Amino acid sequence: MKKTYLLIILTLATSYSRGQKKIDFKVGYLPNFNYTLTQEQISENNVTYIASDEIIQNLKNNGIKNPTIIKDTSFLKSVSKTGELNGNEFPIAIELLESNNPTLVSGTKFFGTWIDGKTKIDSISSPTMTEEKKRILLPAMESMMNQIEYPNKKIKVGESFEQKNPMSLPIAEITIEMEINSIYTLKKVENEIGYFDLDQVYTLKSATKDYEMEMDGTGKGHIDYDMEKQFFTKFYLEMEMNLKTELEIFSIELQTKSITSQTTEIKKASR
């Protein structure tokens, strides 16, 4: 009987301990580390034109199929190297090791500084990029790296936090402003890794021209968070989005699907 009571007490204690597991969540680069990122994105875009027979025939005569289906796979491998901490900042250098992007070719390097959780890109080195392209890409790269700010907070298993981020989507002459609402839920903690489920909802905010427009979309995925190194080591997301816009003489329906898979290997920099 005593053994039975002991077993019940131990079971309850273990369950309580698991329920109280939490992590001190903060995301960002640390000084003197190398972050090797590998990312693959598979996407499919299905564009349908709704118009008169004459317009559809003109599209066909110009080699545009209706619907137009575009499939693409992008691959990127990079290494980000951080240097010595000096006050509240440290240098960061990002080199593209492999890429199938015609602009961001292998060997492209970005140099900058990490200051209070923000990345400042100072210069770009590229074997193919013109100075004009560098000037255009530099602020875009800096904006992309600082687009998502994660909260610093303690999170228990089972708890969630919500985050809203703006995103611009250019389509032909229109720039669509949308909002991504992300919900991160901590499912479990094992071996100093926090495992999150990720749910997203995409909503339309505005467009640059006064066209009738409808949009909806969702995303679902999961993330692995390294508690010691304060960084995501795995990211996986499947998303679907539908967009319909009424232009002056025809309408466009866009259906897009994508799968993004990303891993980051983090190692202490060798001296």
Side-chain angles (χ1 to χ4, degrees), residues 26-31 35-41 43 72 74-83 88-97 99-126 128-152 161-182 184 198 200-209 215 217 219 221 223 230-232 235 237 239 241 243 256 258 260 262 264:
K26 55 181 73 173
V27 180
Y29 289 107
L30 296 175
Y35 300 80
T36 303
L37 177 146
T38 303
Q39 183 187 75
E40 182 182 61
Q41 185 178 70
S43 61
D72 184 52
S74 62
F75 179 82
L76 177 70
K77 185 174 183 179
S78 67
V79 58
S80 301
K81 299 181 178 181
T82 60
N88 63 342
E89 63 182 64
F90 51 81
I92 182 169
I94 304 165
E95 180 180 0
L96 304 187
L97 304 177
S99 171
N100 64 352
N101 186 307
T103 301
L104 299 174
V105 300
S106 302
T108 302
K109 298 179 182 180
F110 302 87
F111 300 94
T113 308
W114 179 266
I115 308 173
D116 287 334
K118 295 278 190 178
T119 304
K120 172 67 177 175
I121 302 296
D122 302 315
S123 62
I124 301 173
S125 171
S126 170
T128 59
M129 203 178 301
T130 64
E131 291 302 316
E132 182 180 359
K133 284 187 176 180
K134 289 179 184 179
R135 285 194 296 270
I136 296 172
L137 182 60
L138 194 149
M141 180 69 177
E142 184 175 300
S143 175
M144 184 187 69
M145 293 191 69
N146 295 312
Q147 191 171 32
I148 300 178
E149 291 186 32
Y150 294 98
N152 294 343
F161 70 90
E162 186 175 357
Q163 196 170 35
K164 295 183 179 181
N165 295 102
M167 180 179 175
S168 297
L169 182 65
I171 298 178
E173 298 178 355
I174 307 168
T175 299
I176 299 170
E177 300 296 335
M178 53 189 286
E179 184 176 72
I180 303 176
N181 186 17
S182 303
Y184 301 79
L198 172 60
Q200 293 185 330
V201 176
Y202 312 112
T203 55
L204 178 68
K205 301 300 289 183
S206 65
T208 55
K209 292 193 176 181
M215 193 200 78
I223 295 171
Q230 301 177 5
F231 212 85
F232 296 134
F235 176 93
L237 179 68
M239 67 83 73
M241 187 172 67
L243 173 69
T256 182
S258 70
T260 303
Q262 179 178 301
T264 304

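It should be emphasised that the depicted structure is a prediction, and the values quoted were computed from it without experimental measurement.
- Not a single ring-ring contact (aromatic ring centres under 6.0 Å, His included) links Phe75 to another residue, sequence neighbours left out.
- For the atom pair Phe110 CZ and Ile92 CD1, the distance stands at 11.5 Å (nearest 0.5 Å).
- Side-chain atoms of Ser99 come within 3.5 Å of backbone N or O of Asn101 as a donor-acceptor pair.
- When all heavy atoms of Thr103 and Thr128 are compared, the pair lying nearest together is O-OG1, 4.4 Å.
- For Lys77, the NZ atom sits in a loose shell: 12 or fewer heavy atoms of surrounding residues, nucleotides or ligands are nearer than 6.0 Å.
- The two atoms that bring Tyr29 and Ser80 nearest to each other are OH-OG, 3.7 Å, heavy atoms only.
- Note that CD1 of Ile121 is 14.0 Å distant from NZ of Lys134, once rounded to the nearest 0.5 Å.
- Residue Trp114 comes nearest to Gly28 through the heavy atom pair CZ2-CA, 3.9 Å, listed as atom of the first residue, atom of the second, then distance.
- Atom-to-atom distance recorded for Thr256:OG1 and Met239:CE is 5.5 Å, nearest 0.5 angstrom.
- Residues passing the salt bridge (charged side-chain N to carboxylate O under 4.0 Å, His left out) test with Glu132: none are found, sequence neighbours excluded.
- Side-chain contact between Met241 and Met178 is present, with at least one heavy-atom pair separated by less than 4.5 Å.
- In this structure, the side chain of Asn165 does not engage the main chain of Ile180 through any donor-acceptor pair within 3.5 Å.
- Pro31 and Thr82 get closest at one heavy-atom pair: C-OG1, 3.4 Å.
- Taking the charged nitrogens against the carboxylate oxygens, Lys118 and Glu149 do have a contact shorter than 4.0 Å, which makes a salt bridge.
- Rounded to the nearest 0.5 Å, atoms CG (Asn152) and NZ (Lys26) are 5.5 Å apart.
- The CD atom of Glu177 sits 9.5 Å away from atom CG of Leu204, with the distance rounded to the nearest 0.5 Å.
- For the pairing with Ser182, the side-chain hydrogen bond (donor to acceptor under 3.5 Å, both in side chains) check across Lys164, Glu162, Gln163, Gln200 returns one residue only, Gln200.
- Atoms CD1 and CE, on Ile124 and Met141 in that order, are 8.0 Å from each other to the nearest 0.5 Å.
- For the pair Leu96 and Ser78, the tightest heavy-atom approach, listed with the atom from each and the gap, is CD2-CB, 3.9 Å.
- Residues Thr203 and Asn181 are not in side-chain contact: their nearest non-hydrogen atoms beyond the backbone lie 4.5 Å or more apart.
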* Run the side-chain contact (heavy atoms from CB on, under 4.5 Å) check on Phe231 and Leu30 step by step: do they pass? -> CA-CA 9 Å; Phe231 212 85; Leu30 296 175; over 6 Å; no

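- Under the 30°/60° scheme for interplanar angles, the aromatic rings of Tyr184 and Phe161 are found to lie parallel.
- Residues Thr260 and Phe235 meet the side-chain proximity criterion, which asks for heavy atoms closer than 4.5 Å.
- The heavy-atom pair separating Gly83 from Phe90 by the smallest distance is O-CB, 3.7 Å.
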